[in-house]
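Below is one structure, written out as structure tokens; comments come after it.
Every value quoted in this text rests on a predicted model; they were computed, and no experiment measured them. What you see below is based on every heavy atom in this structure, not just the backbone, and it leaves out hydrogens, waters and symmetry mates. In what follows, chains carry the letters A, B, and so on, assigned in the order in which the sequence lines appear, proteins first and then strands, with residues in each chain numbered from 1.
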Protein chains: 2
Amino acid sequence: MAGESDVPCICPLEGVIDTISKKWALLIIHVLGNHSRLRFNGLAKELEGISPKTLADTLALLRKEGFVGREAFPEIPPRVEYYLTEDGRELWEAILPLLTWTLKREHLTHEACKGRCRKPAGHRR
Amino acid sequence: MAGESDVPCICPLEGVIDTISKKWALLIIHVLGNHSRLRFNGLAKELEGISPKTLADTLALLRKEGFVGREAFPEIPPRVEYYLTEDGRELWEAILPLLTWTLKREHLTHEACKGRCRKPAGHRR
DNA sequence: CGGGATCCTAGGGGATACTG
DNA sequence: CAGTATCCCCTAGGATCCCG
């Protein structure tokens, strides 16, 4: 449509950025997108290399944002499961194109992680 | 779903994350997506609040990544124009769903930025 | 005008140890 | 098992000044 009224402003982008710019947030979203439910240590294992603190922090943020849900079972030992909410699933879908494009584009660099894939992301630097 | 193969691996995500997690990177991509070309101070104006250093740094990164091109004109005073490369344009398109979804989702929160919204970036290309 | 050079700070995020 | 509680470090990014 004409002119400038079809998209209001870019402020909303800032909102997402606060979320997705957290180093592990997208990874968590993505991992939870593939497994229906995961426990704390399950996540920690998938996201190889993340520290418990960071995982806890990021999960807390994602819960606050409404992307991730949490269910705790009163058992011993404790069991807690995390999963994507509807919103989280929508976010995940919203970033899939990005992931897809990236896959295509980085399949050269991709060699670099040949052996370690799946076994997700050792963020070594 | 037990499988490990339904989704290849999330390593590529790390790549993008490095880029999109830069606080202003996506904004720049998006702004450049809407204006065909912009000068340094033009960008600075659109991205109200960014410091010259950060803008320069981020532009340098985006150029290194191949998302943004730069053309300098040997004039006085100097004129430099930035624009999206093909890759940059693809990236921009890859994040459009994210933007769209965000727009829809945050139109509540959107009130929060009532006053400070900048010039509406119309998506025409 | 477009940035480079400096300095400085908040806080994100790693490591480790501890607890309910 | 699922987190807290600490400590510590590092870098992104703001502010400022200056120069070609």
- [ ] Please state how far atom CG in A:L43 lies from atom P in D:dC1, giving the value in whole angstrom units.
- [x] 14 Å
Where do N or O atoms of nucleotides 6-10 of chain D meet protein N or O atoms at under 3.5 Å, pair by pair?
none

Open item on the list: Measuring only between side-chain heavy atoms, which start at C-beta, is A:I20 closer than 4.5 Å to B:I17?
Closed with: no
TODO: Would you mind telling me which of C:dG14, D:dG14, D:dC1 lies closest to the side-chain atoms of B:W24?
DONE: D:dG14
TODO: Round to the nearest Å and state the distance from B:D18 atom CG to C:dG12 atom P.
DONE: 17 Å
Open item on the list: Using whole Å, what does the distance between atom P of nucleotide D:dG13 and atom CG of B:L27 come to?
Closed with: 11 Å
Task: Nearest-nucleotide comparison on DNA chain D, the residue closer to the 5′ end among B:P78 and B:T58 - done: B:T58
Open item on the list: Counting only side-chain heavy atoms from C-beta out, which of C:dG3, C:dG14, D:dA2 sits nearest to A:R39?
Closed with: D:dA2
Open item on the list: Please determine whether a side-chain nitrogen of the Lys or Arg among B:E90 and A:K104 lies less than 4.0 Å from a carboxylate oxygen of the Asp or Glu.
Closed with: yes
TODO: Compare all side-chain heavy atoms of B:L43 with those of B:L59 and state whether any distance is below 4.5 angstrom.
DONE: yes
Open item on the list: As a test of reading the structure: which of C:dG14, D:dA2, C:dC1 is closest to the side chain of A:T54, going by heavy atoms?
Closed with: C:dG14
Open item on the list: Can you tell me which nucleotide in C:dT16, C:dC1, D:dA2 comes closest to the side chain of A:P52?
Closed with: C:dT16
Task: Distance, rounded to the nearest Å, where A:D57 contributes CG and C:dG14 contributes C1' - done: 12 Å
TODO: Whole angstrom is fine here: how far is it from CD1 in A:I76 over to P in D:dG3?
DONE: 15 Å
Open item on the list: Which nucleotide wins on minimum distance to the side chain of A:K22, given the candidates D:dA12, C:dG2, C:dG13?
Closed with: C:dG13
- [ ] Taking the side chain as every heavy atom from C-beta outward, state whether A:I95 and B:I95 have any pair of such atoms under 4.5 Å apart.
- [x] no
Task: Non-hydrogen side-chain atoms of B:L91 and B:F67 separated by less than 4.5 Å - done: yes
Task: Rounded distance in Å - CG (B:L47) to C1' (D:dG14) - done: 15 Å
Open item on the list: Can you measure B:R79 atom CZ to C:dG3 atom P for me and round it to whole angstrom units?
Closed with: 13 Å
Open item on the list: Of the listed nucleotides (D:dA2, C:dG14, C:dG4), which one gets closest to any side-chain atom of A:N41?
Closed with: D:dA2
Task: Minimum side-chain heavy-atom gap A:R37-A:Y82 below 4.5 Å - done: no
Open item on the list: With rounding to the nearest 0.5 angstrom, report the CD1 to CG distance, B:I29 to B:L96.
Closed with: 11.0 Å
Open item on the list: So, does A:Y82 get its side chain near the phosphate of D:dC1, meaning an N or O under 4.0 Å from OP1 or OP2?
Closed with: no
Open item on the list: Counting C-beta onward and ignoring hydrogens, is there a side-chain heavy-atom pair between A:V68 and A:Y83 closer than 4.5 Å?
Closed with: no
TODO: Would you jot down, in residue-number order, the residues of residues 59-73 of chain B having a non-hydrogen atom under 4.0 Å from DNA chain C?
DONE: B:R70
Open item on the list: Does any part of the side chain of A:V80, heavy atoms only, come nearer than 4.5 Å to the side chain of A:R39, both counted from C-beta?
Closed with: no
Open item on the list: With a 4.5 Å cut-off on side-chain heavy atoms, are B:E46 and B:H30 touching?
Closed with: no
Task: Spacing between A:E75 atom CD and D:dC1 atom C1', to the nearest angstrom - done: 11 Å
